[in-house]
Amino acid sequence: MLQTSTITDIRTRISAIRPAGTDVSILSLPCPEIAAAARPGNFVNIKINAADQPLLRRPFCIHNVEGDTIDVMVKNVGRGTSLLCEASCGESLLVLGPLGNSFSTGTGDFDTALCVSGGIGTAPMRFLETTLASEGIAFHHLVGGRSHADLLTSGLSNVSTATDDGSEGFRGNVVELLETHLAEQNAAGRVKVFACGPNPMLKALARFCRDRAIACELSLESIMGCGVGICYGCMVELSNADGQKESILLCREGPVIDGERFTA
Ligand SMILES: Cc1cc2nc3c(=O)[nH]c(=O)nc-3n(C[C@H](O)[C@H](O)[C@H](O)COP(=O)(O)OP(=O)(O)OC[C@H]3O[C@@H](n4cnc5c(N)ncnc54)[C@H](O)[C@@H]3O)c2cc1C
């Protein structure tokens, strides 16, 4: 996992907004310094409202980078995200980033990336895909959701889907889809899993990969405040190399972690 070097706080204006699914919007934010330094897996911390609530910034993965502009994919779950989803082009925001570490792609120790995501966890996968493609690494997306309406596949290629209710793609969860995919492709060789989604999904995925000795990196979520290691609001408990529990600040040492640390 690579750590970010240059962090900038940029006042910008929303340049485009488009719907991406039920209660989900993609916002384009011109942020040249952040776009230039960003790596897949990094996030930004956005001050949505200059004077009023919510007072704290809200964290969002970098969904895509095109030239000087970054995109974020936002699911409306509360006060801050509803303001973002209902915002208009031209509205002003403060964007701090790129923050956190990133997925490690150019390591040469795998041939195929399996990008596994669930729900809004699909947000970082577009940027991951363009990075893998530019590095000449094969990739396949496995995207899960409760039903057809919850699948977020906008901008992705090479996608297989799973829904709990069977309304689209494989009937079952995305870890079961991964198992089927590996069996069908006979692809248990040099594959690496990159994943983002709800923590219970990531825990099941981490165990699945550990049991089959598949390398795996997970982007975790937690409630987060400052995004830069000052407020200690995003502490999560992981295992260290000796199997002992240890706490990390997800904003500083994550959000991407080695799956081995999330199996206990
Ligand atoms: C590193 C990181 C990257 C993220 N990337 C994205 C992304 O790309 N797109 C996206 O839509 N969301 C993302 N999230 C989650 C997003 O930050 C929260 O949904 C958001 O902060 C909620 O703000 P709110 O004001 O709308 O909700 P609030 O009104 O504060 O809370 C509404 C509900 O959301 C829950 N909630 C609040 N914060 C989080 C959180 N961090 N994770 C899960 N539930 C939360 C609360 O417990 C509450 O139930 C990310 C979170 C982290 C930590």
Side-chain angles (χ1 to χ4, degrees), residues 1 3-4 7 14 17-29 31 34 38-49 52-65 70-87 93-103 115 117-129 143 145 150-156 194-203 217-236 238 248-257 262:
M1 277 68 74
Q3 214 62 42
T4 306
I7 298 172
I14 301 170
I17 305 176
R18 59 188 193 282
T22 313
D23 289 332
V24 179
S25 298
I26 296 175
L27 279 67
S28 297
L29 307 168
C31 295
I34 297 176
R39 292 267 314 147
N42 288 156
F43 66 99
V44 289
N45 217 8
I46 299 184
K47 180 81 178 92
I48 295 159
N49 200 328
D52 204 349
Q53 298 294 327
L55 221 49
L56 291 177
R57 294 177 184 240
R58 297 292 192 255
F60 299 95
C61 297
I62 297 176
H63 171 65
N64 193 29
V65 175
I70 64 164
D71 287 351
V72 289
M73 182 188 259
V74 180
K75 181 162 179 68
N76 182 348
V77 297
R79 173 106 172 106
T81 48
S82 75
L83 284 171
L84 279 179
C85 288
E86 287 154 17
L93 302 170
L94 260 177
V95 184
L96 179 72
L99 299 174
N101 61 2
S102 56
F103 291 116
C115 309
S117 58
I120 191 63
T122 306
M125 295 305 173
R126 171 111 198 255
F127 189 20
L128 179 60
E129 171 179 324
V143 178
D150 302 308
L151 292 170
L152 296 170
T153 55
S154 138
L156 301 182
F194 297 91
C196 186
N199 285 355
M201 174 204 123
L202 296 181
K203 187 140 271 185
E217 290 185 10
L218 312 172
S219 178
L220 299 189
E221 264 207 13
S222 73
I223 304 288
M224 201 173 271
C226 68
V228 290
I230 296 167
C231 75
Y232 280 64
C234 62
M235 197 93 84
V236 295
L238 303 175
I248 66 157
L249 292 180
L250 199 66
C251 67
R252 221 170 41 192
E253 291 183 53
V256 181
I257 59 147
F262 203 51

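In listed order, ligands and their atoms are each counted from 1. Residues take their numbers from the sequence shown, with the count starting at 1.
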Quick look: Pro59 vs ligand 1, heavy-atom contacts under 4.0 Å, and the answer is both
Within the 4.0 Å heavy-atom cut-off, what Val77 brings close to ligand 1 is both
Tell me whether Arg58 has any N or O atom under 3.5 angstrom from an N or O of ligand 1. yes
Heavy atoms of Arg252 and Gly229 approach each other most closely as NH1-O, 3.7 Å
min-distance protein heavy atom vs atom 43 (C) of ligand 1 -> Glu221 OE1, 2.9 Å
When rounded to the nearest 0.5 Å, the distance separating CD of Glu129 from CG of Asn64 is 9.5 Å
Looking only at protein heavy atoms, what sits closest to atom 11 (O) of ligand 1 is Lys75 N, 2.8 Å
| task | Could you give me the CA-CA distance, side-chain angles and deciding distance for Leu156 and Arg126, then say whether side chain to side chain contact (heavy atoms under 4.5 Å, CB included) is met? | result | CA-CA 6 Å; Leu156 301 182; Arg126 171 111 198 255; 4.1 Å; yes
re atom 35 (C) of ligand 1, the protein heavy-atom contact at minimum distance is Ile223 CD1, 4.5 Å
So CD of Glu217 and CG of Leu202: to nearest 0.5 Å the spacing works out to 12.5 Å
Against ligand 1, does Val72 come closer than 4.0 Å with any heavy atom? no
Residue, atom and distance of the protein heavy atom nearest atom 5 (N) of ligand 1 read Cys61 N, 3.1 Å
Can you check whether Met224 has an N/O within less than 3.5 Å of an N/O in ligand 1?
no
In ligand 1, the atoms that come under 4.0 Å of a heavy atom of Val74 are 11 (O)
Test salt bridge (Lys or Arg N to Asp or Glu O under 4.0 Å) applied to Lys75 and Asp150, step by step
CA-CA 11 Å; Lys75 181 162 179 68; Asp150 302 308; 5.3 Å; no
If you scan protein heavy atoms around atom 26 (O) of ligand 1, the nearest is Thr81 OG1, 2.5 Å
Item to check | Under 3.5 Å donor-acceptor, Asn199 side chain and Glu221 backbone | outcome: yes
So the atoms of ligand 1 within less than 4.0 Å of a heavy atom of Met73 turn out to be 7 (C), 8 (O), 9 (N), 10 (C), 11 (O)
When you measure from the side chain of Asn101 to the backbone N and O of Ile257, does any donor-acceptor pair fall under 3.5 Å? no
- Are any side-chain N or O atoms of Arg58 and backbone N or O atoms of Gly80, one a donor and one an acceptor, separated by less than 3.5 Å? no
One finds that the ligand 1 atoms under 4.0 Å from a non-hydrogen atom of Gly80 are 24 (P), 25 (O), 26 (O)
Among non-hydrogen protein atoms, atom 29 (O) of ligand 1 lies closest to Arg79 N, 3.2 Å
Worksheet item: Taking N or O atoms only and a 3.5 Å limit, does Gly78 qualify as a polar contact for ligand 1?
Response: yes
Near Ala123 (heavy-atom distance under 4.0 Å), the atoms of ligand 1 are 8 (O)
Q) Heavy atoms of the protein only: does one fall short of 4.0 Å from atom 16 (C) of ligand 1? A) yes
Checking heavy atoms under 4.0 Å, the part of Ser222 that sits near ligand 1 is backbone
CZ of Phe103 to CG of Asn42, rounded to nearest 0.5 Å, is 10.0 Å
When rounded to the nearest 0.5 Å, the distance separating CZ of Phe43 from SG of Cys251 is 5.5 Å
- Message: Strictly less than 4.0 Å: does any protein heavy-atom distance to atom 49 (O) of ligand 1 fall in that range?
- Response: no
The reported gap from CG in Leu99 to SG in Cys226 (rounded to nearest 0.5 angstrom) is 9.0 Å
To the nearest 0.5 Å, atom CD1 of Ile17 lies from atom CG of Leu27 at 5.0 Å
Can you find a protein heavy atom closer to atom 31 (O) of ligand 1 than 4.0 Å? no
